[in-house]
Amino acid sequence: MNNRTMEIAVGLFVALGIGALFMLAMQVSNMSSLGRSESYVITAAFQNIGGLKVRSPVTVSGVRVGRVEAIDYDTQAYEAVVSLRIDNNYDTFPEDTSASIFTAGLLGEQYVALEPGGAMTNLEPGDRIQLTQSALVMEQIIGQFLYSSAARDTPEPEPEPEPRTAQP
């Protein structure tokens, strides 16, 4: 093999390696579907979104059907409004679909899980999901547990004796 052929082979190998690293970086950063236009947006309002972030997955039965596009705050209702970009392949969600915020594993990222309902009419682009369940925040759960166990361990005060009346 001559020197020129070896240089071309090494160059191609390096170019393929850089391309593979680029694809890996896109998959890890959740930006692989950034340019897709065949999708639609629906919204859902939550009391607490916890650590939900833009580009978090939207799933149904564990299958990714979209991503969180935007997170805004409704100053009238005092709720977080989450815009969900759903792929057009999944355009038949009943209008009584519910949305919940879950955590992947104990310390994993948060995502929105959709649970289809049984209505005969479907959600349209721009519709709002009415049934939502906010994120469970670990600090609140631990605080409630500690408060309830502290309340159980506190002894109840002894009742005061009834006053005696003199008998004639």
To the closest 0.5 Å, what do you measure between CZ (R85) and OH (Y40)? 11.0 Å

From L84 CG over to F93 CZ, what is the distance, rounded to the nearest 0.5 angstrom? 10.0 Å

Side-chain heavy-atom pair F46, V82 within 4.5 angstrom cut-off: yes

Where T43 and S83 come nearest, the two heavy atoms and their spacing: CG2-OG, 3.8 Å

Do T59 and V65 make a side-chain contact, defined as non-hydrogen atoms from C-beta onward lying under 4.5 Å apart? no

Taking everything shown except Y73 itself, do over 12 heavy atoms lie less than 6.0 Å from its OH? yes

How close do V54 and E69 get, heavy atom to heavy atom, and via which atoms? CG1-O, 3.4 Å

Spacing of S39 atom OG and R67 atom CZ [to the nearest 0.5 Å]: 12.0 Å

How long is the gap from CD1 on I101 to CD1 on I49, to the nearest 0.5 Å? 6.0 Å

Results of salt bridge (charged side-chain N to carboxylate O under 4.0 Å, His left out) for E79 - residues two or more places apart only: none

Check whether any side-chain heavy atom of V58 sits under 4.5 Å from a side-chain heavy atom of I86, and report yes or no. yes

Are Q130 and S98 close enough that some pair of their side-chain heavy atoms sits under 4.5 Å apart? no

Please check: side-chain N/O of E38 versus main-chain N/O of N88, any donor-acceptor pairing under 3.5 Å? no

Note, L16 side chain near I18 side chain (heavy atom, < 4.5 Å): no

Any donor-acceptor pair under 3.5 Å linking the side chain of N48 with the backbone of G50? yes

Distance check, rounded to the nearest 0.5 Å: R64 atom CZ versus S56 atom OG? 11.5 Å

Using a 4.5 Å cut-off on heavy atoms from C-beta on, say whether the side chain of D91 contacts that of N122. no

Please check: side-chain N/O of D87 versus main-chain N/O of Y90, any donor-acceptor pairing under 3.5 Å? no

Joint hydrophobic cluster, V63 plus V68, side-chain heavy atoms closer than 4.5 Å: yes

Solution key, residues 112-121 side-chain donor-acceptor pairs under 3.5 Å, sequence neighbours excluded:
residue: T121; atom: OG1; partner: E95; partner atom: OE1; Å: 3.2
residue: T121; atom: OG1; partner: E95; partner atom: OE2; Å: 2.8

For a quick test of reading the model, state the closest non-hydrogen atom pair linking P94 to L123 and the distance between them. O-CG, 3.7 Å

Please find the pair of heavy atoms, one from I129 and one from I42, that lie closest to each other, and give the distance. CD1-CD1, 3.8 Å

Test item: Q133 side-chain N/O and S100 main-chain N/O as donor-acceptor pair under 3.5 Å: no

Report yes or no: does S134 contribute a side-chain atom to a donor-acceptor pair with the main-chain N or O of Q47 at less than 3.5 Å? yes

